[in-house]
2 protein chains.
Amino acid sequence: MYLRALTALAESGIRTCSSEDLAVAAGVNSAKLRKDLSYLGSYGTRGVGYDVDYLRYQIAREIGVTQDWPVVIVGIGNLGHALANYSGFRSRGFRVVALLDADPHVHDELVAGVAVRPFDDLEAIVAEHGVAIGVIATPAVAAQNVADRMVATGITSILNFAPAVLAVPDGVDVRKVDLSIELQILAYHEQRKAHDAGDPAAVPGVEEAAL
Amino acid sequence: MYLRALTALAESGIRTCSSEDLAVAAGVNSAKLRKDLSYLGSYGTRGVGYDVDYLRYQIAREIGVTQDWPVVIVGIGNLGHALANYSGFRSRGFRVVALLDADPHVHDELVAGVAVRPFDDLEAIVAEHGVAIGVIATPAVAAQNVADRMVATGITSILNFAPAVLAVPDGVDVRKVDLSIELQILAYHEQRKAHDAGDPAAVPGVEEAAL
DNA sequence: TAGATTGTTAATCGATTAACAATC
DNA sequence: TAGATTGTTAATCGATTAACAATC
């Protein structure tokens, strides 16, 4: 987030910024920002602030954004399509080297210039490209099996879009993105707003303190 | 998450479960689960556990999943397409009532059976359908303007897929999903793994304690 | 009654933030 | 030197979890 905010600052011609400036741009508290940056090193100047380009470079180097990361996407439904075409991945060093799907009907179809291949090609593709990161965009029922196969082939990081809890061995990182839970959380708060406004259709709720 | 885990349990024929069972299914600690449920009420039976269907009903009622939520999606690129087609929304009570885009080239195009309309139709659509939730799937530069217009029309919950920090008034909820930051976090950990394994190409990192 | 499991308390843990000495 | 701002400490806050009395 800080990297992104710094890039935006640089693009608007700003060469130097204070922790307060950057914190506002990133939407966080400035003390938190300074503490976070302190884990990377001491890249600011007291009384002056941070050199935008220099800090950008240091953060980019630290988080490995300079490397090229080959990625496979499994499950080429609507979401898989969108992910394959998502420009934000490519521009941040992620290269989609293969799209896999268990359904033969979509095989050889071109998505974002890449042909969809059978899921059983996973091992060969991971070995060929040195893939470390896999993306799961399958239905929930298929996700654990896909994860198991990914782990068996040596993938150690998984981005899971399927609404399922994955069991993986130690040393494998899983991050989960659940689009409909995000909407549900918003809907819950909407309902609470209606309730607080005295709408009689709203149900009695839990303690606000718990939220 | 608990609701989803309970649904999965119910579908596999399980009628009763302990907090430990449900915690495992949801991927959390059982003490946390019991504490979370305690905010809703006291729906378990000591010595026995929870009735799956009863607890499902209570959670569903509490989070408002029984209601129908009209939603507008702004920005019909790849991601907007995928979101419009995403079956997980419809099945959880979210109804996409309109797709909006500023680009006239995509107007009247049918996506998931819904015609894309001009962004300027926002006010009319929100008023007509009583929309409270908006989804932003535009490029980052357009996001703040879209959010401002949404807020002006009375939308009070925004799901933001654009990589931008949105400024909104108090009382408006924003949730942000940033797909490439998720991948970047995985890539960061991958880099750390390579570093810890002694790969000389890996850069020196921050303290593990900070992660 | 004995065993099991909840609901809740209190302890622990970690993240956030205010405050300020260091220093440009 | 005076003003500004970092880097870091210590306080605060909130979330997680262990432990256990309540009770089925």
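Below, each value reflects all heavy atoms present in this structure, side chains not excepted, and no hydrogens, waters or symmetry copies. All chains are named by letter (A, B, ...) in the order of the sequence lines, taking the proteins before the strands, and each is independently numbered beginning at 1.
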Exercise. Can you check whether A:Tyr50 has a side-chain N or O nearer than 4.0 Å to OP1 or OP2 of C:dC24?
Worked result: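 Checking A:Tyr50 against C:dC24: no side-chain N or O falls below 4.0 Å of OP1 or OP2.
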For this session: Check whether any side-chain nitrogen or oxygen of B:Thr45 sits under 4.0 Å from OP1 or OP2 of C:dT6, and answer yes or no.
Result: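 Checking C:dT6 against B:Thr45, no side-chain N or O comes under 4.0 Å of OP1 or OP2.
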For this session: Assess the pair A:Tyr43 and A:Tyr54: is the distance between their ring centroids shorter than 6.0 Å?
Result: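 That pair passes the under 6.0 Å test.
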Problem set entry | Strand DNA chain C as a dot-bracket string - pairs counted if Watson-Crick or G-U with both distances under 3.5 Å, | where the partner lies in another strand | ..||||||||||||||||||||||
Is the shortest side-chain heavy-atom distance between [X] and [Y] below 4.5 Å?
X: A:Leu40; Y: A:Leu55; value: no
X: A:Ser18; Y: A:Tyr50; value: no
X: B:Tyr57; Y: B:Arg61; value: yes
X: B:Leu159; Y: B:Ile133; value: no
X: B:Val71; Y: B:Arg95; value: no

Whole angstrom is fine here: how far is it from [atom1] in [X] over to [atom2] in [N]?
X: A:Tyr39; N: C:dG14; atom1: OH; atom2: P; answer: 11 Å
X: A:Tyr43; N: D:dT8; atom1: OH; atom2: P; answer: 12 Å
X: B:Arg46; N: C:dT6; atom1: CZ; atom2: C1'; answer: 5 Å

For this session: Using the side-chain contact (heavy atoms from CB on, under 4.5 Å) rule, pick out the option among B:Ile136, B:Thr138, B:Leu83 that qualifies with B:Phe161.
Result: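 Only match with B:Phe161 under side-chain contact (heavy atoms from CB on, under 4.5 Å): B:Leu83.
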Problem set entry | For A:Val172 against A:Val168, the heavy-atom pair lying closest together |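 In terms of heavy atoms, the two residues are closest at O-CG2, 3.8 Å.
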Problem set entry | Smallest separation among heavy atoms of B:Asn85 and A:Asn78, with atom names |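 Of all heavy-atom pairs spanning B:Asn85 and A:Asn78, the closest is CB-ND2, 3.1 Å.
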Exercise. So which of residues 16-27 of chain A are in contact with DNA chain D, with a heavy-atom cut-off of under 4.0 Å?
Worked result: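 Per residue number, the list reads A:Ser18, A:Ser19.
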Exercise. Between residues 28-38 of chain A and DNA chain D, which residues have a heavy-atom gap below 4.0 Å?
Worked result: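 Those residues whose heavy atoms fall under 4.0 Å from DNA chain D, taken from residues 28-38 of chain A in numerical order, are A:Arg34, A:Lys35, A:Ser38.
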Exercise. Given A:Asp36 and A:Tyr2, is the side chain to side chain donor-acceptor pair (under 3.5 Å) satisfied, shown in steps?
Worked result: CA-CA 10 Å; A:Asp36 287 345; A:Tyr2 300 151; 2.6 Å; yes
Problem set entry | Check ion pair B:Arg149-B:Glu123 (N to O, under 4.0 angstrom) |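 Answer for the salt bridge query: yes.
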